[in-house]
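Input: a single structure, listed below in structure tokens.
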Amino acid sequence: MFPTKSEEKIREVEDLLFSTERPVQERFFKGRGVDFRTGEIELWPTDCYLCGGHGLTGIRINEKGESSVPGLYAAGEAVDVDALTGGFNLHIAFATGLLAGRAAAAQCLEIRE
């Protein structure tokens, strides 16, 4: 069976979705008659709203997370992911973090040797 939705959890989701950066989301859901207290809470389109910058600006990186400054790697909200992917989502932050972390670690091993 599905877990019971608590008011505390619903408020947490609403605070995350409707606060500072995305108050338009509240109007969007209300305009469509979506009430998290009476229906399902569908979060599939919200991963892109859980991050602030959305790739509008940032450090340009290559496929390894390397910037044009030797030894400087970047990931997530720090990068210009629109140039790489055409959009920003939470999974892009995770992926760029993984790639940049691996490349930075490999560089550290090379320097140490």
Side-chain angles (χ1 to χ4, degrees):
M1 205 66 198
F2 295 107
T4 305
K5 294 182 280 189
S6 71
E7 182 64 23
E8 179 184 354
K9 285 294 177 190
I10 292 170
R11 285 182 192 264
E12 241 179 84
V13 169
E14 289 176 339
D15 287 345
L16 182 67
L17 294 178
F18 306 152
S19 62
T20 310
E21 190 179 340
R22 295 288 178 186
V24 71
Q25 288 294 312
E26 185 171 15
R27 292 191 304 271
F28 172 83
F29 284 116
K30 282 184 180 177
R32 283 162 180 72
V34 175
D35 182 351
F36 297 156
R37 286 154 189 80
T38 60
E40 294 298 313
I41 300 177
E42 186 172 350
L43 295 178
W44 69 267
T46 60
D47 64 332
C48 57
Y49 305 121
L50 298 177
C51 300
H54 311 297
L56 299 175
T57 61
I59 301 167
R60 287 193 174 257
I61 59 169
N62 65 15
E63 67 280 353
K64 294 179 184 177
E66 298 169 313
S67 73
S68 59
V69 177
L72 178 64
Y73 295 82
E77 298 243 332
V79 303
D80 179 11
V81 293
D82 280 340
L84 296 173
T85 66
F88 188 86
N89 289 305
L90 191 56
H91 65 277
I92 300 293
F94 293 152
T96 57
L98 177 66
L99 295 172
R102 284 180 177 169
Q107 185 181 26
C108 287
L109 288 173
E110 287 176 22
I111 291 170
R112 198 169 93 177
E113 291 178 359

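Only this structure's heavy atoms are used, side chains among them; waters, hydrogens and symmetry mates stay out.
- Hydrophobic clustering (ILVMFWY, side-chain heavy atoms < 4.5 Å, transitive): F29 and I10 are in one cluster.
- Classified by interplanar angle (parallel below 30°, tilted 30° to 60°, perpendicular above 60°), the ring pair F36/F18 is parallel.
- Across G65 and A100, no two heavy atoms sit closer than the pair CA-CB, 4.0 Å.
- R37 places a side-chain heavy atom less than 4.5 Å from the side chain of E7.
- The two atoms that bring Q107 and G71 nearest to each other are OE1-CA, 3.6 Å, heavy atoms only.
- Here E12 pairs with K9 in a salt bridge; the nearest charged N to carboxylate O distance falls below 4.0 Å.
- Hydrophobic clustering (side-chain heavy atoms under 4.5 Å, transitive across Ile, Leu, Val, Met, Phe, Trp, Tyr) groups V34 together with F28.
- Taking CG of N62 as the start and OH of Y73 as the end, the distance is 8.5 Å to the nearest 0.5 Å.
- The minimum heavy-atom distance between G76 and T96, with the atom names listed, is N-OG1, 2.9 Å.
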